[in-house]
There are 4 protein chains.
Amino acid sequence: MHAEEPPRAARAKRLPRAVRERQILDAAVAVFARHGFHTASMDEISEVAGISKPMLYAYLGSKEDLYVACLRREGERLMAAIEAGADPAAPPDVQLWRGLRAFFGFVAEHADGWRVLHQPASAAGGQFAGELAALRGRMIGLVGRLLVRAVSNGNVAAGIGAATRRDTDGLAAALVGAGESMADWWLAHPDEPVGVVASRLMNLAWMGFGDLVEGRMWVPPHKR
Amino acid sequence: MHAEEPPRAARAKRLPRAVRERQILDAAVAVFARHGFHTASMDEISEVAGISKPMLYAYLGSKEDLYVACLRREGERLMAAIEAGADPAAPPDVQLWRGLRAFFGFVAEHADGWRVLHQPASAAGGQFAGELAALRGRMIGLVGRLLVRAVSNGNVAAGIGAATRRDTDGLAAALVGAGESMADWWLAHPDEPVGVVASRLMNLAWMGFGDLVEGRMWVPPHKR
Amino acid sequence: MHAEEPPRAARAKRLPRAVRERQILDAAVAVFARHGFHTASMDEISEVAGISKPMLYAYLGSKEDLYVACLRREGERLMAAIEAGADPAAPPDVQLWRGLRAFFGFVAEHADGWRVLHQPASAAGGQFAGELAALRGRMIGLVGRLLVRAVSNGNVAAGIGAATRRDTDGLAAALVGAGESMADWWLAHPDEPVGVVASRLMNLAWMGFGDLVEGRMWVPPHKR
Amino acid sequence: MHAEEPPRAARAKRLPRAVRERQILDAAVAVFARHGFHTASMDEISEVAGISKPMLYAYLGSKEDLYVACLRREGERLMAAIEAGADPAAPPDVQLWRGLRAFFGFVAEHADGWRVLHQPASAAGGQFAGELAALRGRMIGLVGRLLVRAVSNGNVAAGIGAATRRDTDGLAAALVGAGESMADWWLAHPDEPVGVVASRLMNLAWMGFGDLVEGRMWVPPHKR
DNA sequence: TATGAATGAGCGTTCATTCAT
DNA sequence: AATGAATGAACGCTCATTCAT
């Protein structure tokens, strides 16, 4: 009378490799998004993935390998989303518009993926998020107030003339991000004079691509 | 009257508190900039600072305290630099221009400080910088090619018509950064429709503040 | 049919949880008994237990947790030993007798356990054992000489009349311990007059429970 | 107009060595009584003593030296207090009575000194006081209930027949202490049979010195 | 195949102790 | 004589990683 043991639990189902890997990556992305690379623990990831740690290592290698795999997968997804709507025949502004929509669409639908791609550190425990957010808030506030003042001097009837506080804040955030990004880019191309770099951003911020394309530039006051 | 230098103490000359604290913060900023918070070790910081570990703790408290102190000092310096040139009486574009110059000036002169403020994670060991840089590079490339094409369709004689590859790359980086930043901002204000967010950035990118202020807006094709 | 012993694993044979926990507690009790809580190091405990430090933490938690676990286990063992021989139907003196035998039996068989329970501090490194032992020795000597003298004035034929030096020393030690214990108890009940406390101990020491139960008391000279 | 600075502070008065030493010992006793040896820090002692750490070391040597000095001073004080009232001509019970009074008098007036002498470990942070107190409480309760029962079987009109709960608790504490102390003593004289040791304490507890001196002994049931 | 059980290596932190002033 | 400033040495604890089953 041999007992017929039921197939041991849901946990250790024999699954095809691809499925397991997706499971694991999903768990890893979720955990890395929540904690950042260093603070995330392999224990938690294996638990969330519903497998044992040795399996984690068998499938994806070391913690670093796993993290890189997350970066790659989410990165590819992001690029794919953006490129999906690309239509080289469309006019530039339409192309840009579509790219932007696709990008934000990705962020909305894969928030964790985006976090892994973009916030590896600030999410790291979140311990210093407050400190950094405060600083960033001050910078955005600075720019935001500038925008508000500019707007109230301009044509209030149209454009961001009817801007809500939301609008100016969002634009200010965008501008600050543009500055940060350009700063990083500059750090990697350090041989440019500061004026050139600043001019470039100034032109983008003030004139926009549209004007630039049509040959209008912003010129520093002393050169006018 | 030759100066009599005191016999260069092996390690730890008795220094007034303020000086030591600056020494320590300088070292900490350098190390945190190189390794990020988690990967940096108090041992290395104390070594770079030229003091023993207990002094680190005596002066600045725990590792977290020390990190926050770095964030605060560099953050204040950055804000001070930007606000230094502020002139509320100047026209908005001039104000913006001065702010940008000040910002990039800070980045140039305090690269480590800037890294601590902005790259807490990607610098974390630098292990994944490559991976992330590659992704970012692809996005920038995408935008960059768009700009190049847009330019070649426009007035080549002026504006960024004479744009170097450098220019378009830099602008692309700025735009990508603006998008990332706005995405983060959006994650913190999740109740906005994607179209609104995308429009906002599109307007900034295409029209610039100048046009916006004067009431010109970019309108999605299907609404024209 | 020779037993096939498994190849004596270098260090850590895979053992069931319960066994490992006992192993660890045994080691911890031994080490804490030798060094006391503070001076004992987790390194030494893990070494004595024959496992690595992380296992220590995995099984029993922090050093404090481990110490408390030792206190609990040995405490329970002690109480169990005492209560094992309890017989509520027996006359009080027999009950007391059995309890004492059980108690001393425990001490004899679990000397380390007893040390952990009773000498947490004086054993602390054993650094001051000598100093404290000397003092205690003087007090015991004081009382011991008193007993000897009392005995030689009394009925030498019987009782401790035939007392060896051992006997008087042991009794003196007991009395000193009774005094210390009552002092501690008094510190926790500070509102009693010194005379009351001293009387209580005097009665125990001089009359014993037997007399007290039968209504005989010792009375200070000035009240006689 | 040169400012006449007042002689820098109360802190560093030049004091004769003996006074300083007493100051330091007083502080040390207070701190050791509160925290125990290991948990006490030289920093706190120097602060309480109102001197700098190097002075501490100059006057009393290492932390261990200092602790031993405390033990010695308080030990001498205790012995002196007890011996002060000694009168070798008095009858033994009176001598014992006077000794007990003197002892409890010392405890009352030098509680910190007593703590340093007797609780070096349990005071150590007090982290485990609860755990240990609970165990001891159980043992005292066990003995206490026994006493209560014995009393109610005996002559309730006199002796501890009129015993309050306080009395029985106190006596129980004393008996438990006697047992602990005798156990320690036994550990240092391990060649005695358990029956002998237990008998000794049983006799003290049940008969008291008075009976013993007069030749009456308690005999185990099976020998009667 | 899948895992509970195991560990090497390292980090943050704290102290008793002592120079240099 | 007196001290602020400094350090060597250790300890508790955790984590990524891997056997042995």
Side-chain angles (χ1 to χ4, degrees), chain A residues 8-9 11-15 17 20 38-46 51-59 61-66, chain B residues 6-7 9-17 20 38-46 50-59 61-66, chain C residues 6-7 9-17 20 38-46 50-59 61-66, chain D residues 8-9 11-15 17 20 38-46 51-59 61-66:
Chain A
R8 278 266 257 117
R11 180 97 174 261
K13 288 180 310 218
R14 235 50 101 61
L15 289 180
R17 181 168 191 104
R20 266 282 141 89
H38 281 102
T39 311
S41 84
M42 293 299 264
D43 270 296
E44 182 174 355
I45 292 173
S46 76
I51 61 165
S52 70
K53 260 194 301 179
M55 282 294 95
L56 213 57
Y57 283 86
Y59 277 101
S62 74
K63 189 187 188 185
E64 295 198 4
D65 292 343
L66 177 56
Chain B
R11 267 290 271 292
K13 299 183 310 226
R14 221 64 77 74
L15 290 181
R17 180 163 195 110
R20 266 283 138 89
H38 280 103
T39 311
S41 87
M42 293 299 263
D43 270 299
E44 180 173 358
I45 293 173
S46 76
I51 61 166
S52 68
K53 251 192 311 178
M55 281 292 96
L56 226 53
Y57 285 86
Y59 277 100
S62 72
K63 189 186 187 185
E64 294 199 2
D65 291 342
L66 178 56
Chain C
R11 265 291 271 293
K13 299 184 311 228
R14 222 63 79 72
L15 289 182
R17 180 164 194 110
R20 265 285 137 88
H38 279 103
T39 312
S41 88
M42 293 299 263
D43 271 297
E44 181 175 356
I45 292 173
S46 76
I51 61 166
S52 69
K53 246 189 317 176
M55 282 291 95
L56 224 55
Y57 285 88
Y59 278 100
S62 73
K63 188 186 187 184
E64 295 199 3
D65 291 343
L66 178 56
Chain D
R8 276 268 256 117
R11 182 96 174 259
K13 290 182 305 224
R14 235 53 98 64
L15 288 181
R17 180 169 192 105
R20 264 285 141 86
H38 280 102
T39 313
S41 84
M42 294 298 264
D43 270 297
E44 182 175 356
I45 293 173
S46 77
I51 61 165
S52 70
K53 261 195 299 181
M55 282 293 96
L56 213 57
Y57 283 87
Y59 276 101
S62 74
K63 189 187 187 184
E64 295 197 4
D65 292 342
L66 177 56

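These numbers were taken from a predicted model, which means no experiment stands behind them. In what follows, every chain begins at residue 1, and chains take the letters A, B, ... in the order their sequences are listed.
- Between A/Arg20 and the phosphate of E/dT1, there is no side-chain N or O to OP1/OP2 separation shorter than 4.0 Å.
- Separation of atoms CG (B/Leu66) and OG (B/Ser62) is listed at 8.0 Å; rounding is to 0.5 Å.
- Put simply, CE on D/Met42 and NZ on D/Lys53 are 8.5 Å apart, with the number rounded to the nearest 0.5 Å.
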Base versus backbone protein contacts along nucleotides 11-16 of chain E [heavy-atom cut-off under 4.0 Å; B, S, -]: -BBBBS

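- Counting to the nearest Å, the C1' atom of F/dG12 and the OH atom of C/Tyr59 are 20 Å from each other.
- Atom C1' of nucleotide F/dA16 and atom CG of A/Asp65 are separated by 12 Å, given to the nearest angstrom.
- In this structure, B/Met55 atom CE and F/dG8 atom C1' are separated by 13 Å, rounded to whole Å.
- Taking all atoms of both residues into account, the shortest heavy-atom contact from B/Ser52 to B/Ser46 is C-CB, 4.0 Å.
- Residues A/Lys63 and A/His38 share a closest heavy-atom pair of NZ-O, 3.4 Å.
- The strand DNA chain F forms stems, runs of 3 or more Watson-Crick or G-U wobble pairs with distances below 3.5 Å, at E:2-21 with F:2-21.
- Distance C/Leu56 CG to F/dT14 P: 12 Å, rounded to the nearest Å.
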